Structures are given as structure tokens and as C-alpha cells.
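Encoded as C-alpha cells, the structure appears first; notes follow it.
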Amino acid sequence: MMEEKYPFHAIEPKWQKYWDDTGAFRCDTQDVSRPKFYCLTMFPYPSGHMHVGHGRNYIMGDVITRYKKMMGYNVLSPMGWDSFGLPAENAAKKFNVHPHKWTIENIQEMKRQVRSWGVGYDWEREIATCHPDYYKWTQWVFLQAYKLGVAYQKEAPVNWCPLCTNLANEEVTADGRCDRCGRPVEKKNLKQWFFRITQYADRLLKDLDLLDGWPEKVRQMQANWIGKSEGAKVSFKVTETGDDCPVYTTRPDTIFGVTFMAIAPDNPLLLKLLPGSEKEAEVRAFIEKLANIPASERFSDATAKEGVFTGFHVTNPYNGDTDIELWVTNYVVSDSGTGIVMAVPTHDQRDWDFATKYGIAKKIVIQNAEKTLDVATMTAAYVDDGVLVNSGSFDGMANREAIKAIIADGTAKGYAEATTNFRIRDWNVARQRYWGAPIPIVHCPHCGAVPVPEDQLPVRLPDDVDYNGDQGNPLARHEGFVNTTCPKCGAPAKRETDTLAQWLCSCWYFLRYIDARNETAAFDKELADKWMPVDQYIGGVEHAVLHLLYSRFVVKILNDAGALDCVEPFKALFTQGMICKRCEKDDGKYVKGKLYKMSKSVGNVVSPDELIETYGADTVRLYTLFIGPPELDAEWQDAAVQGPYRFLCRLWKKAYDAKAIVPEQDVAVAIDALKPVERDLYRKLHQTLAGVTDSIEHGFRFNTAIAQLMELMNALDKAKIDASSSDAAKALLRETIVTVARMMAPITPHIAEEIWQAYGCTPAGVMNAGWPKVNEAALKEDSLQIILQVNGKMRGKMMVPAGISKTELETLALDSADVKRFTDGQTVAKVIVVPGKLVNIVVK
RNA sequence: GCCGGAGUGGUGGAAUCGGUAGACACGACGGACUUAAAAUCCGUUGCCGAUUUAAAGGCGCAGGGGUUCGAGUCCCCUCUCCGGCACCA
């Protein structure tokens with residue numbers, strides 16, 4: 001029995017329970033009768049409550065999951081929690097609650113929210129990265145990397161945030177602040193665990209080509225991040241001492257134009273040359289000055305180039321020039337290349353600026369095609385292609401050719417080699433924090449760093465730590481944890497007290513879902529080979545570099561370890577846009593009326609709970625999907641939620657009213673018995689079906705899919721089918737309502753299920769009915785609308801029979817009154833006929 | 001600076017094979033129902049356009065040029081906004 005008023009309060013919990021009870025989203029990974037589809041939404045950090053912006057992510061994943069199920073796939077759609085990490089530890093300090101308790105409570109709350117949206121997951125595969133059954137295998141992943149020599153320890157300057165301890169490069173913002181808390185980041189020397197991502201840089205770059213299901217933007221961002229450049233390493237020598245002075249350059253073709261050498265203030269060669277040298281005091285003063293300027297400021301555009309001559313000279317191996325001055329400067333980046341740059345003022349703008357300021361010589365070595373370059377008249381560096389001059393035996397050579405020739409010559413003579421340079425640095429995976437997976441290493445006074453044997457995993461995180469201490473890692477203060485014996489020699493030893501970065505926990509979770517309850521392995525290889533890669537990954541673009549790059553990296557490690565066949569984890573990636581809302585306050589920091597992404601600090605957060613209470617989950621889903629193109633940011637407008645709500649109320653009322661007059665079962669529609677307006681509706685129904693399918697298949701354009709469904713409902717109103725209508729019309733009415741329910745099953749699943757059930761459709765559960773098929777007969781058009789143009793301007797329309805010939809169409813068009821008004825007294829020069837579309841008459 | 005994306009009514013956005021610009025929705029305005037309001041339903045809604053009504057017609061997709069019978073869509077130039085990388089040699 002259907003109620004008259006749209007009873008979302010009653011039907012939504014009912015159907016959510018039904019999906020649970022029937023295991024609608026449980027996935028049998030062994031099933032081979034259907035093709036697999038692994039649909040994954042990025043798992044959340046359990047930070048508290050979710051807002052409607054988070055919902056967009058899960059709702060889209062759910063629509064795809066349900067749609068793919070209806071298309072006949074065996075869909076794996078799991079959910080879990082990225083539950084290690086700093087916020088829990090900070091909350092623990094703030095509220096004096098154990099991080100574990102805080103995390104578990106947040107998970108419960110967020111799970112309730114996800115379920116209230118009607119999002120379906122295989123909850124039997126639920127994971128939490130802070131659970132020993134999970135982090136045991138995170139530790140295992142670390143050991144695989146260790147075995148391959150990918151994990152290693154080194155003393156290194158780390159990015160140190162006073163609150164969040166050490167950070168990966170990826171966690172430091174462009175202006176040198178902590179990505180998480182915004183505090184300025186300092187450099188601090190610590191012994192750290194690193195992963196050799198640099199060793200994989202080339203593969204990570206090259207395999208981006210395999211990812212044609214990824215947005216171009218994300219591939220570009222990763223390529224930028226990896227930052228590959230090709231050039232040469234050339235050994236200059238310090239003229240006075242004979243020390244090596246290697247440079248990296250991408251422009252070896254300009255090597256005969258080197259007029260000075262620029263070195264970074266903290267370069268080891270400089271520090272070696274300095275003691276007792278003539279200009280020591282002056283140079284040290286400059287180094288001191290730079291040390292007190294934060295990197296963000298030093299390397300900003302606005303900072304002028306500065307430098308001090310060191311008193312030393314270098315020798316260019318190509319032309320034997322011994323008088324090249326060595327300058328210490330503020331603009332050379334110390335950890336890029338060799339930290340020493342050969343400067344060619346005429347062909348590099350930065351070197352030009354510096355040489356101009358300090359009166360250093362400039363020498364042209366690449367001449368343009370017009371041969372107009374002259375140092376006396378040049379006002380900026382010439383960086384384009386040209387022909388070599390003043391370059392010894394290479395004169396006359398095109399510069400692109402010269403690059404290869406000069407490297408080859410230098411290589412033969414032993415002072416140059418072709419090299420590749422990467423921007424990316426090795427990944428610091430260690431954190432001096434409590435709430436993370438302990439690094440499974442024991443430090444033995446005799447054996448050094450010893451990996452914990454796999455059969456002794458997990459290395460458990462103790463519960464009883466004093467995380468309220470104000471200094472350093474609480475784990476290091478836990479005697480019971482720290483003191484152990486060496487797995488190799490049995491002597492007393494100390495555990496590593498650093499924990500693994502949250503990023504490492506979250507870069508392999510998609511593998512665990514496949515085999516989430518496996519107690520003897522991280523995952524079964526055969527099963528993983530069957531289910532990987534993830535067919536569709538969905539998440540925010542803010543993870544374009546960090547999480548997605550690390551995940552790709554770890555999959556390659558596991559592949560090298562023989563644990564996995566696949567080389568890329570995510571076949572297709574969809575990055576959904578953020579939900580923003582206009583700011584209502586004006587407090588200096590935020591501007592009233594400006595769009596900001598939803599956040600507590602802006603105060604523009606919309607909670608799903610009240611909306612679901614007022615309008616129901618289906619309305620929230622429908623509005624969230626209708627709000628705009630899914631890949632773009634969208635503006636949330638509270639008032640606009642009305643539209644989708646009205647639509648569902650209308651759909652419900654239509655279904656309710658129609659129930660009384662339609663046949664009890666599906667009946668084939670007798671096309672010939674339909675009135676024209678009904679015939680239009682039938683066509684529209686199947687056009688909509690084709691259109692909705694296309695919208696979902698091509699770029700998940702849910703917004704236009706929904707618009708088409710709205711149009712169909714408008715057409716249904718227009719057809720005015722009632723008790724007095726023909727049997728054919730009533731059969732059509734039933735088919736329309738039932739097909740709309742099926743098409744809406746992925747989008748607004750509760751109302752779809754309810755209508756499906758109320759209409760007595762089989763099989764039970766609308767998703768089990770599969771995706772409806774287009775009826776070609778319904779699509780057939782008897783007559784077509786033709787647009788009439790004169791000189792490309794629209795001047796009228798006319799209806800013509802569908803099968804009309806081109807000539808007939810042309811004659812009809814020329815005779816039409818709309819056209820004649822504009823062609824009378826003019827000469828028809830040309831007639832363009834686009835069959836089925838338009839006729840354009842060109843007159844003079 | 002390099003790379004990527006975007007610019008369409010009062011608003012969110014349609015139209016990506018060159019062929020009716022503004023679908024669909026919000027908001028606004030008018031009407032019906034109602035004692036009244038809400039809800040609902042029905043209209044109107046890009047701009048200019050006779051001092052009255054309606055029309056004719058013109059103008060309109062950041063700006064300028066081009067190709068074409070025809071351009072939001074293709075090509076060239078310019079501007080603005082968003083994102084990534086960046087004194088990376």
C-alpha cells in the first residue's frame with residue numbers, strides 16, 4: 001500500500017535495513033560468473049562529523065556501485081578508516097582522552113552518517129588502519145621495502161614542525177609552512193627512515209602513460225612533482241686548489257659562455273675552501289645573513305639576487321678558461337643538482353640579472369638566425385635556439401645538436417656525462433609520534449638495525465603511554481616497549497620508537513579490502529591479481545600528488561617483491577570537485593559573500609543530519625548530484641535543495657495516483673493506439689533512458705542525467721494520462737513510472753525501491769532488475785522539426801515527414817512563408833540542406 | 001616563467017559531431033486555490049526595442065581578429081580567474 005504523501009521518514013530506514021539483511025552489497029570475490037568491478041572511494045580520516053561536501057564523494061561512489069551492479073558486474077565496494085595520525089594524538093592531549101577511544105567514537109559517528117545517506121558498502125570488509133590486524137601488514141609492507149633495500153636510514157635535515165614533528169616534503173606548503181597546522185617549518189638534523197622513491201622516479205613518471213583513465217591534470221601534477229630534467233654533469237676544477245667543482249646543466253650548448261660560477265651558501269665545497277682564504281670573513285658574513293632568512297622568503301620572486309665573490313676561480317674543462325670567478329649567491333638551491341651552477345649571463349635570465357648587477361662579463365655563444373645579438377645592445381638573456389659561436393670546434397652547429405655533441409665530447413675526455421635530474425626527494429616515512437604503526441626494527445648494539453621477523457608481527461603499539469608529555473615521542477618514554485632483545489643474537493636491544501607516517505598506512509589499503517580477514521597474509525596473491533587494479537577510484541584532487549603517488553610507488557615495491565602482478569593500482573581515477581558555500585561572516589580573515597570550501601573555521605559547514613531529517617536522504621543525494629558537473633567545485637545553496645525535493649514529491653504523487661489506474665503487471669505498449677502526446681511521451685521515455693545511460697557512462701555527468709529525468713516527468717504531466725485514457729496509454733504510464741524507478745535506483749535508491757515494490761515488480765530489489773534497455777521502436781520519429789535559416793540566421797521552423805528526400809526538403813523550405821519574407825527580391829546563391837536538421841538558404 | 005582547467009541570464013548550470021544559445025533547477029514576478037498564510041498547481045522571466053497593447057527587427061556565450069553558408073564550439077591574438085610546479089640551472 002502506498003501512502004499519499006512522500007513518506008521518506010518511513011521508507012529510508014526500511015530499505016537500508018533491507019540492503020543489510022539481504023547482503024545487497026556483500027561481494028563474493030570468488031564469483032567468476034560475472035565480470036568484476038572494483039569501485040573504491042577514498043577512505044576518510046575519522047576526524048568527527050562529516051558535512052555535505054564529504055557526502056558528494058560517497059554518494060557518487062554509491063551511484064557508480066549501484067549502476068555497475070545493475071549493468072551486471074560483480075562489484076566490490078568497501079569502506080574503511082584512515083585512522084592513524086596526528087589529529088587523534090592532538091585531541092588526546094586536548095581532551096585528555098585516549099587516541100584510540102577518540103578514534104573509535106568518531107568512526108562510529110561517521111559510519112552512522114555514511115549509512116544515513118543510504119550509501120551501500122560491503123561492511124564485512126571494513127578496515128581501520130589503527131587496528132593491529134591491519135597495521136601488522138603495514139609493518140609487513142615496510143619489511144618488503146626493507147628487504148629490497150628501498151627502506152633505509154639516514155641522518156638528514158628534516159622538515160620540522162614544532163607541533164606535528166617531522167614532515168615529508170609533500171606536507172610542507174609552498175611558503176614553507178606545515179600543511180596541517182600552518183606553523184613555519186624549520187630544518188632539523190635527525191636519523192630517519194626513508195623510502196627510495198627517487199629510485200622509482202623514472203618508472204613512476206613513465207607509467208603515467210598507462211593511466212589513460214586518469215584526469216590529465218593529475219598526471220601533469222605528478223609529472224611536475226617528479227620533475228625530471230635531462231642534461232649533463234660537467235666537472236669544473238677550482239683553479240687555485242684543484243678541487244672538483246661539478247655542475248649540473250640542461251644547457252651544455254652554452255658551456256663556452258660561462259663567465260662565472262654560482263654556489264649555494266651551504267655547499268660542502270664552499271665550506272671546505274673557506275678556512276683561511278682571503279675573503280673568508282666577507283663570505284661567512286653573507287652565509288650567516290642568508291641562514292637567518294626563511295627559505296620561503298629567500299626563494300620568492302620578489303627577492304633580489306645577491307652574492308659575494310669568494311676569491312676563488314674555476315677552470316672550464318672545455319676551453320681551459322681558468323679565470324671564472326666563483327660567487328656564493330642567494331639564488332642557487334642547494335639540494336638541486338650539485339648545488340653549483342655554471343652561469344651564462346647571455347643565455348639565462350637569472351645569470352643575466354646577477355652579472356649585470358655585479359659587472360661580470362657576458363659572452364654570446366648562441367647567435368640567433370638574424371645574427372643580431374650583441375652584448376652591447378642586448379637588454380635580456382637570449383634563451384631561444386640558434387647557432388653556436390665562440391665555441392671552438394662546435395661553431396656553426398645548431399644548438400640542439402650541440403647539446404649532444406658537447407656531452408659526447410666531454411664524456412670521451414672524461415669530464416662530462418649525460419645525467420638525468422629529478423626534483424623528487426626520497427620519502428621520509430618516519431614520525432616521532434605515538435599514534436602510528438611502530439616501525440618493525442630493533443636496534444642491537446652488536447647487529448645494528450635488525451628487522452623484526454615477519455612471524456613476530458605485529459609490533460604492538462602499547463596502550464599505556466604518557467602521551468601528555470610536552471616533549472618528543474611518548475613511545476620513546478615507554479620502557480616496556482623500548483626494551484627488547486635482538487631477534488638475531490638475543491642480546492638486550494632497543495626498539496625503534498618512530499612510527500610509520502599515516503601516508504604509508506593508506507597507500508596499500510585497497511589491497512587489504514580484497515582479502516580483509518586473511519590472518520596469514522596481507523592478501524592472497526591470486527585474489528589480488530584477480531581484483532586489481534581498482535577499476536574506478538574516486539576522491540578529492542587534494543590527493544593528486546601525495547596519496548596517489550605513494551600508492552603507485554608501494555604497488556611497484558610489492559610488485560618487485562613478487563607479492564603482486566599489477567604495476568598500477570588505479571585504472572581510472574575520478575576527482576570530484578569540492579562543495580563550497582558563501583561565507584556569511586566578515587571578520588577580516590574571511591570575506592562575506594565569497595565562496596569558500598566548507599570548513600569549521602569559515603563557518604559555512606552544512607550538516608547532512610538536519611537535511612536528511614527535513615527532506616530525506618534521497619533529496620540530499622539528488623541535490624548533491626544535481627548541483628553541477630561532478631569534477632568541478634560547486635556552490636551549495638540551501639534554497640536550491642527545494643528543487644530536488646519537489647521533484648521527488650511530484651514523482652511520488654504521480655506514482656501514487658497512477659497506481660490506481662495502471663495494469664497490475666507490465667503490459668507491452670500498443671504504439672498504434674497511443675494519442676500523439678502519448679506517443680511523444682513514449683519516445684521521450686526511451687530517449688531519456690538512452691540519454692541517462694550516456695550521461696553516466698561518459699564522465700559520470702549525473703547533473704545532466706537528472707535534468708533529463710526531470711524533463712521526462714514534465715512530459716509525463718503533459719501527456720495527462722488518467723482513468724479515461726486508453727489501455728495502451730495506461731500500459732505506457734506503468735512502463736514510465738517503473739522505468740523511472742529503475743533509472744533512479746542508483747541515484748535515489750530508497751524511493752526507487754519503494755515504487756518498485758508498490759508496483760509489484762519482480763525480482764525483489766530494484767537493483768536485481770538490471771539496467772533497463774532502450775526500445776528502438778519507441779524511439780522512431782514520424783516527423784521531424786527542420787530549422788529554416790537564411791544566411792545562417794534562424795528564420796523559422798517546419799515539421800516534415802521523417803522519410804523526406806533532400807530535394808523535397810529544399811523545395812518545402814524555399815516555399816515556406818518564413819523564408820520568403822527574407823528571400824523575396826533576392827537571388828538564391830546556394831542552399832545547404834542538413835537532412836533531419838536544417839535548411840540554410842544563402843541569398844545575395 | 002612553464003604546465004593544466006575555466007570564463008554563457010539575477011543565481012547554479014545545459015548545449016563539446018560546427019547547425020534552434022540559455023535545457024533542467026533556484027530565485028523573482030503574475031494568477032488559481034485559501035478567511036489568511038504555507039504547501040501545491042498554472043503562467044511569465046537574457047538584453048534593447050512606439051510615451052498604450054502586441055509584434056517586426058536588432059544585440060547577445062570575457063575582448064579582438066580569422067575560417068565557414070553557419071562559430072559558445074575550429075584557428076590566431078589579448079584579458080581575467082582557479083589549480084600545480086618554480087630563482088630547479
Side-chain angles (χ1 to χ4, degrees), chain A residues 5 174 215-229 231 247-252 254 262 264 298-305 329-344 347-351 353-354 383 421-423 541-542 544-545 575 577 582 595 622-623 626-629 631-644 646-647 649-650 653 695 698-699 701 703-714 717 785-797 821 829-834 836-843:
Chain A
K5 200 166 176 297
E216 181 55 30
K217 178 187 180 179
V218 175
R219 291 200 276 177
Q220 281 292 339
M221 282 166 77
Q222 292 211 354
N224 277 345
W225 189 262
I226 294 167
K228 181 177 180 169
S229 73
V247 301
Y248 170 76
T249 177
T250 56
R251 292 294 303 274
T254 64
R298 196 182 128 197
F299 293 109
S300 100
D301 281 343
T303 308
K305 289 172 186 58
T329 71
N330 65 341
Y331 74 93
V332 174
V333 180
S334 60
D335 60 355
S336 171
T338 62
I340 310 171
V341 175
M342 64 174 224
V344 185
H347 304 297
D348 182 287
Q349 190 56 44
R350 296 156 299 185
D351 301 343
D353 294 343
F354 191 87
V383 295
N421 203 40
F422 291 97
R423 200 200 77 99
V541 74
E542 66 272 19
V545 173
T575 52
R582 298 205 181 271
L595 272 184
L622 191 61
Y623 176 58
F626 185 57
I627 196 165
E631 71 281 10
L632 299 182
D633 289 352
E635 180 190 342
W636 183 277
Q637 295 180 322
D638 289 322
V641 181
Q642 285 292 335
R646 281 184 200 137
F647 172 71
C649 290
R650 274 174 67 204
K653 184 158 193 323
S695 293
H698 297 104
R701 284 151 31 218
N703 54 329
T704 53
I706 292 164
Q708 291 171 80
L709 287 161
M710 287 172 167
E711 279 185 67
L712 175 61
M713 285 304 290
N714 293 343
D717 279 343
Q785 189 191 58
I786 300 294
I787 300 303
L788 300 172
Q789 292 184 337
V790 177
N791 289 347
K793 278 195 196 302
M794 217 262 288
R795 296 301 185 188
K797 306 167 190 183
R821 287 175 44 223
K830 201 171 170 186
V831 179
I832 285 127
V833 180
V834 183
K837 270 252 171 78
L838 66 79
V839 180
N840 183 18
I841 291 137
V842 186
V843 292

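From a predicted model like this one, the values you see are computed outputs, not experimental measurements. Letters go in sequence order (proteins before strands), and every chain restarts at 1.
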Notebook entry, point to check: Under 30°, 30 to 60°, or over 60°: which ring-plane class applies to A:Tyr623 and A:Trp636, parallel, tilted or perpendicular?
Noted result: perpendicular
Residue [X], side-chain heavy atoms: nucleotide from [options] that is nearest:
X: A:Arg795; options: B:C87, B:G57, B:C69; answer: B:G57
X: A:Met710; options: B:U20, B:C24, B:A56; answer: B:C24
X: A:Gln220; options: B:G57, B:C3, B:C87; answer: B:C3
X: A:Ala707; options: B:A89, B:U20, B:A23; answer: B:A23
X: A:Trp225; options: B:C85, B:G19, B:A89; answer: B:C85

Looking at [X], does any N or O in its side chain come under 4.0 Å of the phosphate oxygens OP1/OP2 on [N]?
X: A:Asn714; N: B:A25; answer: yes
X: A:Arg646; N: B:G27; answer: yes
X: A:Arg298; N: B:C87; answer: no

Next item on the list: Just call it for A:Asn840: base, sugar-phosphate, or nothing, with non-hydrogen atoms closer than 4.0 Å on any strand.
Entry: base
Notebook entry, point to check: Between A:Ile706 (CD1) and B:C24 (P), how many Å, whole number?
Noted result: 15 Å
Notebook entry, point to check: Once each nucleotide of nucleotides 12-18 of chain B is scored for protein heavy atoms under 4.0 Å, what B/S/- sequence comes out, 5' to 3'?
Noted result: BSSS---
Check: B:G1 base to A:Gln349 side chain: any donor-acceptor pair below 3.5 Å?
Finding: no
Next item on the list: Examine the base of B:C69 for any acceptor or donor lying under 3.5 Å from a partner atom in the side chain of A:Lys830, and report the outcome as yes or no.
Entry: no
Note to self: Using heavy-atom distances to pick each residue's nearest nucleotide on RNA chain B, tell me which of A:Arg650 and A:Lys797 is more 5'.
What the structure shows: A:Lys797
Next item on the list: Can you run through RNA chain B from 5' to 3' and write each base as (, ), [, ], | or . depending on how it pairs? Watson-Crick or G-U wobble, both distances under 3.5 Å.
Entry: (((((((..(((......[....)))((((((.......))))))(((........)))..(((((..]....))))))))))))....
Notebook entry, point to check: So A:Lys217 and A:Thr575, side-chain contact (heavy atoms from CB on, under 4.5 Å) or not? Walk me through it.
Noted result: CA-CA 10 Å; A:Lys217 178 187 180 179; A:Thr575 52; over 6 Å; no
